[in-house]
Every structure is written in structure tokens, then in C-alpha cells.
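Per chain, numbering begins at 1; letters A, B, ... match sequence-line order. The figures here come from the full heavy-atom set of this structure, side chains too, leaving out hydrogens, waters and symmetry mates.
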Number of protein chains: 2
Amino acid sequence: MTSIDDVAAHLGVSTATVSRALRGLPGVAEETRARVNSTAKELGYVPSSSASGLASGRTMAMGVLVPVIDRWYFSAVLEGVDRQLRAAGYDLILFSLGGDGVNRDRVFHRSILRKRIDALLVMSMHLTEEERKAVQQLEYPNIVVGGAVEGVRHVGIDDAKAARDAVEHLIGLGHTRIAHMRGGGSFDIDFQVPRIRQQAFQQVMEDHGLPVREDWSAFGDFRFTTSRVSALALLADPANRPTAVFCSSDEMAFGVLKAAAELGIDVPGELSVIGIDDHEFSEPMGLTTIRQDPEDQGAYAAELLLGELLRNEPADYPPPRPHLLVERHSTGPARG
Amino acid sequence: MTSIDDVAAHLGVSTATVSRALRGLPGVAEETRARVNSTAKELGYVPSSSASGLASGRTMAMGVLVPVIDRWYFSAVLEGVDRQLRAAGYDLILFSLGGDGVNRDRVFHRSILRKRIDALLVMSMHLTEEERKAVQQLEYPNIVVGGAVEGVRHVGIDDAKAARDAVEHLIGLGHTRIAHMRGGGSFDIDFQVPRIRQQAFQQVMEDHGLPVREDWSAFGDFRFTTSRVSALALLADPANRPTAVFCSSDEMAFGVLKAAAELGIDVPGELSVIGIDDHEFSEPMGLTTIRQDPEDQGAYAAELLLGELLRNEPADYPPPRPHLLVERHSTGPARG
DNA sequence: TTGAAAGCGCTAACAA
DNA sequence: TTGTTAGCGCTTTCAA
């Protein structure tokens with residue numbers, strides 16, 4: 001492999017000059033810079049990130065920790081993060097916990113702490129006490145995207161307000177018999193989000209003097225499949241069913257929509273359904289929802305970290321990212 | 001930061017011994033190894049990947065190049081790759097082209113070639129001539145997952161056979177009026193897959209003496225939204241519509257299903273729909289499809305690369321990964 | 001079984 | 001504007 005020395009020798013200049021020229025540092029004659037650039041290209045020179053990392057202390061890589069990759073929210077955030085990093089010349093090192101917690105120890109001890117990255121972005125997940133301490137003690141900038149983690153900076157929407165807006169949309173339509181399709185369960189271990197949305201639901205209902213029925217709190221696990229099965233039970237009895245369902249995520253709303261279709265329940269005539277997310281499928285499904293933009297959240301968080309790396313001073317605590325009610329065809333006025 | 005020297009000094013041994021002990025190399029007294037391990041932990045020692053990379057020439061990281069992250073197939077493959085790498089103590093460096101081609105140059109020149117990785121996994125995408133050469137000339141092991149790229153090793157299902165199986169399922173049910181919801185278009189630039197599936201469709205139809213109607217070749221762009229709109233047009237005229245639609249992907253099949261529901265067309269009574277993928281939503285949607293397992297494909301490819309890295313000799317050319325017809329409720333016998 | 005020592009390929013003072 | 005030089009923190013011979 002051609003090294004910086006080869007380039008220097010080839011031109012009869014010092015390695016320092018080559019290094020400066022290639023990195024665009026000032027104090028290099030334009031003519032020299034041009035010659036260095038063309039020679040480097042000609043020789044097929046590629047700098048070694050190990051060597052420059054070792055010498056400079058900067059790895060030019062950011063770590064991103066996710067609970068799983070192949071879920072709508074996480075992969076969209078990743079997309080936004082990647083975009084920013086790429087533009088800044090940073091590499092993205094992905095650490096997935098892959099659903100189960102088996103990898104956790106390895107991830108935290110082997111890799112993340114392996115001095116391979118300049119900053120860490122953690123995607124909404126529950127961390128153990130030990131892990132949280134590990135993150136807080138990191139000597140490099142870090143931030144959480146999605147659900148908040150105590151004691152760590154955080155980028156995301158105002159989850160309580162988003163849930164509130166969704167439920168109040170339903171109430172504004174005249175609904176009083178409102179069910180909740182909630183996440184949680186196994187995922188409760190990993191996220192704050194389901195809890196926050198559920199509490200917000202109960203609070204709004206209470207604020208409006210509406211009953212929160214135990215048997216109308218259905219468990220959807222944030223998934224289409226689970227939600228559909230739960231909704232099939234929830235909506236089975238025509239005499240005793242809600243007229244609206246607030247879903248903590250769009251994927252769960254799809255499950256409710258599917259169940260309604262199977263049961264021959266007209267949406268929005270007999271049943272209103274609202275979600276949170278604005279998933280890629282929500283528009284063609286005609287789902288009314290609270291839109292959030294995960295890609296924007298990822299980009300914003302990455303940008304913030306990058307800024308800190310550049311200026312070497314902590315950035316302001318970021319305000320919540322915006323959310324927006326998008327009315328489509330799955331919600332309508334309550335009957336009667 | 002504590003370095004290997006700190007650990008060595010603390011114990012009164014040499015850095016070489018610490019290095020050997022920590023990496024589990026032979027030739028270290030068990031008692032010494034134990035002392036090194038506990039001291040390292042006690043001091044919170046974490047090896048620098050830059051330093052070890054520079055000294056050993058191995059980065060312990062694998063690059064994964066994807067056209068976009070937030071699509072079902074790609075994120076699932078990523079999940080599988082990550083699982084293998086994590087288990088082997090390797091890090092995963094993600095390079096996304098983010099849909100557009102703006103990043104391409106940066107990715108190929110700055111990062112991938114930046115001597116940061118020991119191997120490269122390319123996810124199905126079209127490479128320019130120059131890019132393909134760059135990949136082929138890489139001095140490290142590489143492989144493509146998904147659509148084949150000429151001259152590069154490849155892991156994936158037999159796409160032609162998968163498409164054929166889907167169409168023959170329809171034909172076996174007595175259908176003769178079969179439409180095709182195809183990908184391609186803007187994506188044609190990036191994938192071989194849509195083309196292969198389309199050619200297979202035409203070939204099977206021909207083999208069975210069935211007509212391929214130009215106006216029944218609908219463009220779905222591999223997406224729910226686009227497919228739904230196309231299907232609305234395709235199915236509009238009751239007197240002149242297909243009795244079955246072969247969709248090159250499940251997401252497009254969802255679009256057809258949605259269009260059928262909007263038009264009041266009974267599935268599978270009046271219309272059979274089959275896809276390829278077995279997307280997470282296909283089971284709850286009752287979609288008949290050809291299952292492939294992208295996570296398995298990713299894991300398999302990563303495993304193969306890891307094996308080469310370990311044994312330092314090229315592995316065999318991998319056979320196609322399996323696919324499977326999964327019959328659910330969206331296909332049925334042709335009427336009459 | 002252990003240690004000494006020479007790099008790996010860069011960056012960043014400091015000098016010129 | 002350019003060069004000299006001393007590391008960065010490991011791994012890996014070679015010797016003991």
C-alpha cells in the first residue's frame with residue numbers, strides 16, 4: 001500500500017507538507033497543493049484511518065447504538081444520521097442490540113468503549129443503571145434520540161403532547177368511548193415512550209371527564225400483527241365497543257384498521273382510528289395520525305454532536321422536535 | 001486514558017505480555033493472565049482500535065454499503081450482518097448512499113477506500129463501471145447481497161426461480177389473465193432484481209402459452225403508494241381486468257390489495273394477488289407470497305467474509321439461498 | 001514464559 | 001511556506 005511517505009518521496013517534499021496539503025490546511029502554496037493532490041491520486045494513495053486516528057486522537061467516526069435496526073423509526077433515524085455524517089466526512093459505526101440483550105455486554109465493553117468513535121448517539125432504549133453510567137462517563141459527546149434517558153441529553157418530539165393532541169382530536173370529533181392500543185409489555189423494558197403515551201392518554205381523558213376503561217386498554221406491542229389480534233377481540237362485540245381507538249403507533253393503527261375491515265366495521269363511520277408516526281404506509285392507508293419525522297431527528301442530533309466536535313464546546317440543550325396532526329380518512333365525527 | 005503501558009507498569013510486566021494475555025494468545029502463564037485481566041479491568045483499560053489497527057494491519061471492522069437503510073429488505077439484511085459481526089467481535093461501518101447518488105463519490109473515495117475496514121459487503125445496487133472496478137480491485141474480501149453484480153461474488157435467492165414459482169402458483173390455480181406489478185423505473189438504475197423478475201414473468205407466461213399484455217404491466221416502484229395508484233387504474237374496468245396480479249414485492253402487493261378493497265373487488269374471489277418477500281406485514285394481511293429471508297442472507301454473507309478473514313483463503317462460491325411459497329388467503333382458483 | 005525494541009503511518013509542535 | 005522530529009498505543013519479531 002502506498003503511504004504518505006511514498007507520495008512525499010515522489011515529490012521530494014516532506015510528509016508534513018503532504019499531510020497539510022491533502023487535508024486542506026492553510027500554509028501550503030497552491031502550486032504545491034496541486035502537485036500533491038495530483039500525485040496522491042496518481043499513486044492511488046489512501047490515508048490510513050488507524051494511523052491518523054492514532055496520531056490525532058480523532059477517529060472521524062460516530063457510534064450509533066440501536067435496539068434493533070429493522071423497525072420503521074430506527075431505520076429512518078439512521079438514515080438522517082448517516083446523511084449528516086457523510087456530509088461531514090464522518091463514518092457511522094452501527095451497534096445493534098439485535099432485539100435480545102445478549103449482545104449488550106459485548107457492545108458496551110468491547111466496542112463502544114474501544115476508543116473507536118468520537119461521539120455516541122443512542123437510539124431510544126432503556127439502559128441498565130450500569131450502562132447509563134457508562135454512557136454518562138464517556139469522555140466524548142453523546143445524545144439520545146427518541147425516548148428520553150435520565151441524565152442524558154435528548155432529541156425527540158414531545159411525546160406527551162403528541163399523544164394529547166391525538167386524543168383531543170378524537171374528543172373534538174365528539175367521541176367519548178375511546179380505547180387505547182398501547183405498546184409496552186416486553187418493550188417496556190426498552191422504551192419510555194409507551195409509558196409516556198399511555199399516561200398522556202389517561203390524563204387527557206381524565207381532564208375531559210371521560211372514562212378510561214380497563215378492558216379498552218389493548219396491548220399491541222407496537223406491531224401490526226399483535227395489534228390486529230388484540231383489536232379483533234376489542235371490537236368483537238357491537239353492543240359494547242369503542243367508537244374510536246387511539247393507537248400509540250401507526251403500525252398498531254394498521255392492525256386496528258385490518259381488524260375493523262375483517263369485522264365489517266366501517267371506518268370512519270362506525271369507528272375512528274388515529275395513530276402516531278406518519279409511517280410510510282399511512283398516507284396510502286388514509287390513516288389520520290400525528291406526524292413525526294425521525295429522519296429529521298437523526299439529522300438534528302448528529303448535527304448537534306458534530307457541532308460539538310468541531311467547536312469543542314457543549315451545545316445548548318435541544319428543544320423538542322415538532323409534531324403535526326395530519327387528518328386523513330380514518331377519523332370522523334362520533335355517531336348520534 | 002489508561003494505556004497498555006499503565007497496565008504493564010502496574011504489574012511490573014512488559015507490554016508484550018499484557019497484549020498477549022488480553023488477546024488470549026498462547027504462551028502466557030495462566031496465573032499471569034489472570035492478574036493481567038483483573039488489573040486491566042480494575043484500571044478500566046480499553047484498547048485503542050487505532051493503535052492495534054495500525055500495528056496489526058487489521059481494523060476488526062467490516063464495511064456495509066447500502067443504497068438506502070429504511071427499506072424492509074435492507075434493514076433486515078443489516079440486522080443479520082450485524083448479528084454475525086457482533087458475535088465475532090467485529091464492528092460494522094455503515095455506508096448509505098441515501099437514495100440519491102450525491103454521496104457516491106465521497107463514499108467510494110473518502111471512506112470505503114480509507115483503509116478502515118477489513119472486508120466489504122455491498123447490498124444490491126447498481127454500481128457504475130468505475131465503482132465496480134474499485135470494488136473488484138479492493139485488496140480485501142468483498143461480496144454482494146441481493147441483486148447480482150457482474151464480476152463480484154453474490155449471495156441471494158434465485159430471483160428468476162422465485163418469480164417463476166409465484167407465477168406458476170397463479171397458473172396452477174387456473175388463472176390466465178395475469179397482470180404484473182413491477183419495480184424498475186427510477187430504481188432500475190440501482191437494481192438488477194426488478195429486471196430479472198420481470199423477465200421471468202414474461203418467460204413463464206410464454207412457456208405456458210399465455211398472453212403478456214402491455215397494459216397489464218403496471219409500475220409500482222417497489223412501493224405501497226405507487227403500486228396502489230397503479231392498481232387503481234389497472235383494476236378500474238370490471239369488464240377488462242386481470243383475475244390475478246403477480247407483484248414483484250410484497251409492499252406492492254399491499255398496494256394492490258388496498259386498491260382492490262377501495263374498488264370493492266373481492267380477494268381472492270374476484271382477484272388473486274401474490275407477492276415476493278414475506279414482509280413482516282404479509283402474515284397479518286393474509287398475503288400469499290414467496291418467502292425469502294434477508295436476515296439469513298446477511299448473516300450468511302457476513303459469515304462467509306469472516307471465514308475468509310480468519311482462514312485467509314477464498315471461500316467457495318455460495319449457492320443461492322432458499323425461497324418458499326407461503327400460501328395464505330390472497331390467492332384462490334380462477335372463476336368460471 | 002517473558003522482555004526488549006522496532007516499527008505501523010500518520011499528526012503536530014517546533015524550527016528553519 | 002516547508003522540513004524535522006517526536007510521538008500516538010499497540011503488535012510482533014527476536015532474544016533471553
Side-chain angles (χ1 to χ4, degrees), chain A residues 1-37 39-40 43-61 89 91 110 113-118 139-140 309 312, chain B residues 1-37 39-40 43-61 89 91 110 113-118 139 312:
Chain A
M1 277 324 310
T2 60
S3 76
I4 198 171
D5 295 290
D6 299 324
V7 179
H10 208 264
L11 282 164
V13 300
S14 71
T15 61
T17 298
V18 174
S19 175
R20 282 190 284 251
L22 255 21
R23 285 183 297 151
L25 294 186
V28 178
E30 273 318 311
E31 195 248 324
T32 311
R33 193 188 300 280
R35 283 171 55 223
V36 169
N37 281 325
T39 306
L43 298 183
Y45 168 67
V46 177
S48 152
S49 63
S50 296
S52 81
L54 182 57
S56 70
R58 281 170 270 103
T59 64
M60 294 299 279
D91 285 329
R110 265 221 192 191
L113 303 173
R114 204 159 180 263
K115 315 196 77 203
R116 194 190 257 292
I117 55 183
D118 294 336
E139 70 279 23
Y140 41 71
L309 251 19
N312 206 19
Chain B
M1 279 321 309
T2 59
S3 74
I4 199 172
D5 296 288
D6 299 323
V7 179
H10 207 264
L11 281 164
V13 300
S14 72
T15 62
T17 299
V18 175
S19 175
R20 283 190 283 250
L22 256 21
R23 285 182 297 150
L25 295 186
V28 178
E30 272 319 310
E31 194 247 324
T32 310
R33 191 187 302 277
R35 282 170 56 223
V36 170
N37 280 324
T39 304
L43 299 182
Y45 167 67
V46 177
S48 152
S49 62
S50 296
S52 80
L54 182 56
S56 71
R58 280 170 270 105
T59 64
M60 294 300 279
D91 285 329
R110 265 219 193 192
L113 303 173
R114 205 160 179 260
K115 314 190 79 199
R116 194 190 256 292
I117 56 183
D118 293 337
E139 71 279 22
N312 206 19

Can you check the [X] [atom1] to [N] [atom2] distance for me, whole Å?
| X | N | atom1 | atom2 | result |
| --- | --- | --- | --- | --- |
| A:Arg35 | D:dT1 | CZ | P | 15 Å |
| B:Asp5 | C:dG3 | CG | P | 13 Å |
| B:Glu31 | C:dT1 | CD | P | 12 Å |
| A:Leu54 | D:dG7 | CG | C1' | 9 Å |

NA contact type, A:Ser50, heavy-atom cut-off 4.0 Å: base, sugar-phosphate, or nothing?
nothing
CZ of A:Arg116 to OG of B:Ser48, rounded to nearest 0.5 Å, is 9.5 Å
Is the backbone N or O of A:Ser3 less than 3.5 Å from a side-chain atom of A:Asp6, with the two atoms forming a donor-acceptor pair by type?
yes
Check the side chains of B:Ser19 and B:Arg23 for a donor-acceptor pair under 3.5 angstrom, ignoring hydrogens and angles.
yes
Are side-chain N/O atoms of B:Asp118 and B:Thr59 paired as donor and acceptor at under 3.5 Å?
yes
Reading 5' to 3' through nucleotides 11-16 of chain D, protein heavy-atom contacts under 4.0 Å coded B for base, S for sugar-phosphate only, - for none
SB----
Looking only at heavy atoms, what is the nearest atom pair of B:Thr39 and B:His10, with distance?
CG2-ND1, 3.6 Å
Minimal non-hydrogen separation, B:Val18 against B:Val7, with atom names
CG1-CG1, 3.9 Å
Is the distance from OP1 or OP2 of D:dT4 to the nearest side-chain N or O of A:Ser14 less than 4.0 Å?
no
